[in-house]
Structures are given as structure tokens and as C-alpha cells.
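Nothing here was measured: the structure is a model prediction, and the numbers come from that model. Every chain is numbered from 1, with letters handed out A, B, ... down the list of sequences.
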Amino acid sequence: MNEAGNSIRNEETAGYDPASVELKWQQSWSERRTNETDVAQAPDPFYALMMFPYPSAEGLHVGNLFAFVGNDIYGRFQRLQGHNVFEPLGYDAFGIHSENYALKIGRHPMDLIPQNIANFRRQLERAGLMVDWSKTLSTTDPEYYKWTQWVFLQLLKQGLAYKKQAAVNWCPSCKTVLANEQVIGGACERCDTPVEQRFLSQWFFRISDYAQRLLTNLDKLDWSESTKTAQRNWIGRSEGAEISFPVKRNGEEMAIRVFTTRPDTVFGATYLVLAPEHPLVGSLTGALHKSAIEQYLARSAKQDVVTRKSNTDKTGVFTGSYATNPATGEEIPIWISDYVLMEYGTGAIMAVPGHDERDFEFATVFGLPIVRVVCAQGEEPSAPLTEAFTENERGIIVNSGKFDGMTVATAKREIVSMLERKGAGRAVVNYRLHDWCISRQRYWGPPIPIIYCDDCGAVPVSEKDLPVVLPHVEDFKPDDSGVSPLARHEDWYRVACPKCGKMGRRETDVSDTFLDSAWYFLRYPSVGIDEVPFDSALTQKWLPVNSYIGGNEHAVLHLLYSRFVTMVLHDMGILGFEEPFTRFRAHGLIIRNGAKMSKSRGNVVIPDQYIEKWGADAVRTYLMFLGPFEEGGDFRDASISGVKRFLDRLWASVMVASESEDANGTGDHDVMRKLHQTIRKVGDDIPRLSYNTAVAAMMEYMNALRRGERTPARAEVEPLVQLVAPFAPHIAEELWEKLGKEGSVFDAGWPAFDSALASDEKIELVVQVNGKTRGKLSVPRDITQDDAVAAAMKEQTLSKFVIGAPRKIVFVPGRLLNIVV
RNA sequence: GCUCGGGUGGCGAAACCGGUAGACGCGAGGGACUUAAAAUCCCUUGGGCCAAAGCCCAUGCGGGUUCGAUCCCCGCCCCGAGCACCA
């Protein structure tokens with residue numbers, strides 16, 4: 001066997017020079033516009049979208065490339081299946097990343113971004129993606145953000161944009177607003193100064209109005225289950241009740257409303273707690289307690305949002321006031337504590353220390369009464385509680401008057417209807433999802449298109465006056481003036497009110513980057529059209545997106561915001577669908593030496609040197625082979641060689657087949673069977689993104705092709721070139737040409753498999769005795785149970801395990817025989 | 001703490017519906033070719049026992065269901081990601 005395989009030797013691979021083959025085809029694709037889609041004509045459209053990158057100065061790294069190649073394979077496969085595939089790619093270039101980087105190296109983002117984009121474009125083209133570059137975009141282009149501002153105005157028109165005071169993280173040393181991710185352990189990431197919260201008037205979108213729809217629609221979407229779960233958790237629906245606790249103070253009557261998911265425990269509510277920001281705090285403050293309360297409020301106001309939420313030690317202060325528990329009629333004290341959050345529910349809670357861990361802890365610290373109102377089955381109702389009893393599945397209500405003995409579920413219903421009759425409560429649903437704050441006190445983003453006028457208030461910029469262009473200013477650096485960078489440019493912000501003409505002032509905040517990315521997929525097909533954000537005929541043809549691939553780090557915000565914006569535009573009659581992405585799959589993460597790639601670790605891999613050394617085809621195929629696409633894996637240099645070897649062998653085999661005189665036969669029967677099995681397998685694997693096993697199947701076929709001393713037939717290699725094409729498009733084009741084919745392999749279609757040929761006529765039947773595998777028999781595919789038993793018993797090696805008469809025979813046709821004795 | 005992933009050879013992994021555990025690849029060992037090396041090609045490669053035929057053990061740990069469990073159920077341990085006082 002030493003000489004086996006001699007007919008395919010390395011001499012033939014000498015002709016395979018990835019660099020020249022790849023550049024040749026990249027040039028050809030560009031000249032022949034192979035990757036451009038006629039978006040207006042396209043009879044069978046397929047929109048294969050990938051999340052657009054932030055064009056960093058370091059360039060595209062292998063993590064980006066992994067995602068893009070994964071999408072590219074899917075797109076190329078769809079094209080081979082006969083669809084008109086549209087695979088656009090643009091740049092998400094606004095935002096704090098670019099701004100901070102520009103500040104750090106002392107350059108202007110407007111100069112930096114075009115450079116970064118050019119570098120990305122070079123890298124992306126070199127990787128051989130089937131991107132339609134005639135339809136690219138950048139969120140920083142006024143022609144693009146003009147329409148981002150338009151989206152804002154549509155939301156405003158619908159009453160879905162509003163302004164309110166909200167907390168931001170403020171660094172007293174840098175004198176600037178920080179994003180949550182710039183706050184590390186309660187301190188500014190740059191100077192380590194403790195961060196404070198400040199209240200600023202900011203723009204919000206009413207995404208919480210859409211909470212239920214955003215939740216309900218998830219059931220209809222073909223998305224990664226993990227992504228849907230993340231969205232469900234983020235929306236955080238909880239069913240419960242709102243209960244009113246009356247308060248009498250200085251002859252005045254008021255009520256404190258609380259939200260609870262456990263109305264069944266209302267008899268155990270022994271005190272109330274308000275968030276420090278609760279509006280009733282002032283009117284409930286007793287004279288004796290005033291200074292303590294003021295101290296406490298000042299203390300919690302100073303703490304930044306991140307730290308405050310990570311405090312788990314319970315602190316608080318008594319208001320001096322009491323409320324009446326509507327169930328027991330008892331007077332209970334009202335406290336203030338920062339463990340209650342103003343932004344959830346009503347900003348006030350009824351504390352049930354017996355059945356809530358946090359309340360238990362608080363009651364223990366301040367010596368407040370703890371009452372048991374739920375028992376485990378058979379437990380004594382007077383048994384003391386050493387910790388909160390939160391089990392509610394098997395809980396029985398106690399110490400709650402006529403509700404005693406009910407299950408928790410029943411008591412929830414009954415107590416809520418009792419409170420309803422008294423006018424003291426009602427069943428409500430609450431969501432964790434908060435409204436979306438889109439204001440950023442920064443420079444590098446689209447200005448929010450609003451003009452403030454002393455007489456007319458906040459007036460939207462007229463749509464015909466868009467875009468509000470972000471001015472090129474040198475001092476975009478946040479400084480101690482304490483305002484947004486644009487607020488230092490009077491010549492820019494002073495402008496006439498669109499309504500009354502009086503001198504007004506532009507909004508000087510810019511909008512969140514997530515707004516840029518919440519609608520970009522609508523723009524791609526219409527890139528180049530100036531009059532509208534998206535042409536309605538093109539939008540109807542191409543959207544919703546057929547396949548969207550991206551990282552799970554955007555599982556919540558980006559995908560939720562995109563869905564929200566799409567729903568709003570749908571409700572306005574502008575879009576004919578309310579969900580933007582029919583199918584979404586989250587790809588895995590590429591790590592390096594067991595760790596996440598990051599600049600600080602210094603383990604970011606830029607693909608350029610690998611592409612130079614091995615070729616784009618090898619790097620692409622390697623990335624897809626290193627692990628399951630939806631899980632990712634470790635980028636290891638050593639393993640690329642195996643994929644390169646495969647491509648070399650592919651080259652050699654096809655060259656031999658194409659040059660051989662007598663290679664036009666129908667192919668060897670066994671090889672052809674393996675080929676058709678491979679066609680079936682690769683065609684099954686690609687749609688479920690099982691790229692690693694698809695590559696393995698092609699390698700396996702390559703091994704079969706090379707086995708024995710023979711020259712491969714054209715019929716044995718031609719379909720293989722088509723199978724390889726999505727993964728390694730350049731070598732596929734070149735070999736397709738070498739085989740004498742006209743035109744791009746991507747217009748040649750996907751090979752059909754012959755299912756009769758693909759199935760073996762003989763199978764290996766596994767024979768077990770008592771469930772233990774004892775051997776296998778080569779038998780006809782359709783063998784009957786009786787014949788199989790007879791065949792097995794004939795084999796001494798098998799029958800020796802069958803001691804006595806079989807008690808039971810388990811026969812799985814075509815698979816396995818199990819004899820139980 | 002909660003939610004979602006995951007734990008399989010020296011390593012990356014496969015096993016799609018409960019039916020041969022380890023496909024495919026890397027690495028390693030041996031061999032062919034070569035003056036030599038690289039490249040290429042061939043063979044071996046989970047662990048143990050044995051001269052061999054063969055047998056036993058093995059999918060994080062402990063139980064269970066089943067003729068049969070990497071896969072399903074119960075109870076743990078560990079790793080990764082996200083959320084985190086959400087009442």
C-alpha cells in the first residue's frame with residue numbers, strides 16, 4: 001500500500017498558489033460584478049444579513065471574520081440553490097468607542113473613520129466575502145444619519161419620544177458623563193475617581209409600551225432559543241397586584257401604592273419602604289426625623305447607579321409616618337431605603353420579611369416585626385422564622401383570617417379580589433423593561449433634531465431640513481464646562497425656531513448608537529436613493545430579513561430596539577411587517593489561548609498575516625472547521641495546516657481528473673456512492689449552520705477519492721468543487737474554470753444527489769447481547785428480524801454469548817439487533 | 001443568587017430521533033521517498049489485561065428509568081456567558 005495514492009501527488013499541487021488564485025478571482029468578481037444584486041429585478045430574493053462592524057483602528061479581527069464567513073457561506077449556499085442573494089455590509093461607526101479612541105490618539109474621528117473603513121474594506125475584500133459593495137453604508141454619513149434623525153421624528157410624531165429627568169453617571173474629576181461600561185467598580189475607568197449620579201433632562205422612547213408585543217411575538221420567531229430567552233428575561237414580565245396603603249398625616253389623607261407579586265402575603269406586610277427618590281418622601285418626613293432623612297437621601301444621591309445596585313448591605317431610615325395595612329387594619333411604619341428602586345413598579349414596596357429575603361434582612365437589621373403568613377405543609381403556623389420562607393409551590397396560607405388554609409395560588413386570586421372590593425388594590429402586570437434613553441452628552445453621534453424655543457418649547461426640525469449636520473469641531477473633548485461638546489458652539493446651536501422664527505437653541509445632545517443600528521437593515525436595499533429612507537417596493541421585496549447572523553452580545557439591546565423601531569414604523573403604515581428578522585442565529589465566540597480576545601490581553605488576532613501565509617480560502621475553511629459555528633472555539637495556528645492540506649489535495653485531484661485522457665467515465669461505484677452521501681450531508685449541514693461537520697464530510701470524501709491506486713474521474717470531482725465553493729470560493733472558481741466550465745461556479749447551481757445511489761445496499765447491522773455490543777454483520781439493508789437472528793446465531797463469535805433461549809429480541813431495522821437472554 | 005450554554009482521547013471535536021462512543025482534523029510514534037531536510041505519501045494512535053484469540057474499563061460525580069443512556073429523569077461538582085436588591 002505504500003505506493004497507494006501515487007496518482008495524486010504533490011507535483012500537481014505546485015500549480016496551486018492561493019495568493020494569485022484569490023487575487024485573480026477577487027478582481028474578476030469586481031469586474032464582472034458577480035457579487036452585486038439587481039435589487040429591483042431579483043425574482044427570488046434572499047436577504048442574508050450579518051451584523052455590521054464597528055470599524056476599529058486595529059482592523060478586522062478573526063472574531064469578526066468568523067461571523068462574516070459564517071454568513072457568507074449561508075448566503076453563497078442560498079445562491080447556489082438558485083436564490084438572488086443580497087449580502088450587504090456597512091459600518092457602525094458612530095459612538096463612544098471611536099470618540100474615545102480619537103481623543104486618546106489626538107485625532108479627529110471625521111478623519112480617522114474613513115481611514116478605518118478603507119482598511120476594513122480592504123480586509124473584507126481580501127477575505128473573499130460575497131458582499132455587494134455597491135450598497136454599503138456608514139452610520140456617520142450625513143446621507144445615512146439624515147434618516148436616523150427622521151426615525152427620531154417619526155417616534156416623536158407618534159408620541160413615543162418624550163423628555164424627562166434621568167440619572168447619568170458623572171465623573172467629578174473628568175467632569176463628564178460616563179456610559180455604564182465606563183464605570184468600573186463605582187469609579188471612573190480613566191481616573192479612578194468615585195462616580196456620582198446627576199440628573200439631566202434626556203430624551204426617551206416609550207419602548208415599554210411595546211413590552212407585551214415584544215414578548216408575545218418572540219414565540220413566532222425562528223431565532224436561537226438562547227436569544228429569545230435573553231429577551232424574555234430582559235422584558236421581565238411579572239404578574240401581581242398594586243395595593244394601596246392609606247396614610248393620614250397632619251389631617252391630610254393620601255395613599256402609598258405598592259407593586260407586589262405576592263399579594264397572598266399582604267397579611268404579613270409589617271412595614272412599607274419607599275425608594276429615596278419617591279415623590280412622597282418629602283410629605284411623609286416627620287420633624288424629628290428630618291435631618292436623618294436628609295443625610296440618607298444625600299448619601300444615596302451621591303452614589304452612582306452601578307455601585308448603588310451592587311450594595312447588598314441593607315441601609316435605611318424611618319420617615320416618622322405610618323400607613324394602614326388594608327388587610328389587617330394595623331398601622332405599619334414607613335421607611336426609606338435604597339434597596340427599593342424608583343424605576344421599577346411604583347417605587348414603593350410592602351415589606352413582607354417573613355417571605356422575602358431582602359425584607360427579612362432589612363427587618364433583622366432594624367428590628368422590625370417578622371410575621372409568618374405561609375407555612376410548609378404540616379408545619380406549625382406559629383413556628384418562628386429563622387430565614388425568609390419563599391417557597392410558594394407547596395405553601396399554605398396561615399395567620400391571614402379567612403384565607404387560612406388556602407394554597408398560595410388560590411390566596412393570590414382571593415386576596416386580590418378582596419382588595420378590589422375594598423377599592424384597595426387590583427391585579428396588574430409589570431415589566432422590567434424600561435424606556436430607552438437615547439440622549440448622549442457626547443460629540444460623536446447624530447444630533448437630535450430638536451430646537452428649543454422660549455415660546456414654543458421643544459420643536460422638531462422639519463423633515464425637509466434634515467440632516468442636522470454634525471459640525472466638524474476641533475474641541476469635541478468633554479471638558480469642565482459640564483455640558484455636551486456641541487453646547488460650546490454657539491454659532492452652531494443658535495438657530496431660528498421653525499415655528500415662530502424667534503431665536504432658539506438646538507438640542508446639543510446626540511443620539512445613542514443603538515438608534516443608528518436599529519434601522520440600518522431597512523436602508524441597504526435602498527442605498528443610493530436620496531428621497532426616502534427606504535423605497536417601499538424594494539422594502540416589500542427584500543424585507544423582512546431572511547437570515548440574520550450576529551453575536552449574542554447584541555441579543556438584547558440591538559435586537560430589541562430593531563424590533564421596536566420596526567413595530568412603530570409598521571403601526572404607522574410605513575412598513576408591511578412588524579418583525580424585522582425572520583430567522584436569527586447567534587454565532588459563537590472565537591477565543592485565543594483559552595481567553596476572550598481583547599486589546600488589554602493583547603491576544604487579538606488580525607487575519608491578514610494568516611491570509612497571506614495560508615490564503616483566504618484556508619483561513620475561511622479553518623474558521624468554520626475549528627468548532628461548531630454557534631459555539632465558536634479557540635483559534636490555534638497549528639490546526640490551519642490540516643485544512644490547507646485538504647485544499648491542496650482538492651487541487652491535485654481535480655487537476656489530475658481534468659487532465660487525464662480517460663477520466664470522463666461515470667466514476668467508481670463506491671466513490672460515487674460516497675459522493676452522493678456527501679452531497680446530501682453537506683446540503684443538510686449548511687442550513688443548520690453545522691459547518692464543521694460539513695467540512696469533515698468533504699474531507700472524508702476526499703479520503704475516499706484518494707484511496708487506492710486510481711485516477712479520479714471528472715464525475716467524481718466536479719460536484720465536490722460545487723460543495724466546497726461556499727467555504728473556499730476562490731479555489732472553487734479556479735478549479736471550475738480548469739474543468740472547462742463557463743461562468744462562475746456560483747451560477748452553476750447546487751448538485752442534486754441521487755438518493756438511491758446515496759443509500760448503501762449493504763449495511764453493518766450491530767448485534768448486541770443484553771444490550772452489550774458483541775459484533776456486527778454485513779447484511780442487506782432490508783433484512784428481516786428472523787434472517788438477522790439466524791445470521792447472528794451462525795456466527796460463533798456472537799452465538800457464544802447467547803446462553804439459553806432468548807427472552808426477547810429487539811430489532812431496529814437497518815440498524816441493530818439486540819438479543820436478550 | 002438567578003437565567004442560558006457547556007464538561008467526551010494528548011488537543012479541537014463528532015455521534016441530527018435513546019441504538020457500533022471518539023467521524024474529521026491537529027499533535028505524537030513508526031515507515032517510504034531524499035545525500036539530507038522540508039514537502040509529500042503509507043501505517044499506528046482512549047486506557048488496561050494478554051504471547052495471541054480475546055476480554056474488561058471508559059463520555060465531570062452519585063443514583064434512577066430502559067433490552068440498551070454522551071443523549072431522558074433526580075441529586076451534586078466544575079467551567080463559560082449574560083443578568084443581578086425587579087418586590
Quiz item: Counting only side-chain N and O atoms of A:Asn692, is one of them less than 4.0 Å from OP1 or OP2 of B:C24?
Solution: no
Quiz prompt | B:U20 OP1/OP2 closer than 4.0 Å to side-chain N/O of A:Lys776 | solution = no
Self-check item: Sugar-phosphate, base or nothing in reach of A:Glu700, heavy atoms under 4.0 Å
Solution: sugar-phosphate
Quiz item: According to a strict under-4.0 Å criterion, is A:Asn818 in side-chain N/O contact with OP1 or OP2 of B:U66?
Solution: no
Practice problem: Check every strand shown and say whether A:Lys644 touches a base, only sugar-phosphate, or nothing at a heavy-atom separation below 4.0 Å. | Solution: nothing
Quiz item: Now, which nucleotide makes the Watson-Crick or G-U wobble pair with B:G82, with each of the two distances under 3.5 Å?
Solution: B:C2
Quiz item: How is A:Arg688 classified with respect to the nucleic acid when contacts are heavy atoms under 4.0 Å: base, sugar-phosphate, or nothing?
Solution: base
Exercise. State the syn/anti category of B:C33 according to its glycosidic angle, syn meaning within 90° of 0.
Key: anti
Quiz item: Hey, does A:Asp684 reach any base, or is it just sugar-phosphate, or nothing, if we go heavy atoms under 4.0 Å?
Solution: nothing
Quiz item: Looking at the angle O4'-C1'-N9-C4 for a purine or O4'-C1'-N1-C2 for a pyrimidine, is B:G68 syn or anti, with syn meaning within 90° of 0?
Solution: anti
Exercise. Please determine if a side-chain N or O atom of A:Arg706 lies less than 4.0 Å away from the OP1 or OP2 oxygen of B:C41.
Key: yes
Self-check item: N/O (side chain, A:Thr773) to phosphate O (OP1/OP2, B:A21) under 4.0 Å
Solution: yes
Self-check item: A:Arg774 side-chain N/O to B:C56 phosphate OP1/OP2 under 4.0 Å
Solution: yes
Practice problem: Test A:Glu700 against every option in A:Gln677, A:Lys674, A:Lys681 by the side chain to side chain donor-acceptor pair (under 3.5 Å) rule and name the one that passes. | Solution: A:Lys674
Quiz prompt | Contact under 4.0 Å: A:Ser238 side-chain N or O vs B:A87 OP1/OP2 | solution = yes
Quiz prompt | Phosphate OP1/OP2 of B:U40: any A:Arg649 side-chain N/O under 4.0 Å | solution = no
Quiz item: Where the side chain of A:Thr693 is concerned, which of B:G27, B:A14, B:C83 is the nearest nucleotide?
Solution: B:A14
Practice problem: Would you mind telling me which of B:G27, B:G12, B:C24 lies closest to the side-chain atoms of A:Arg645? | Solution: B:G27
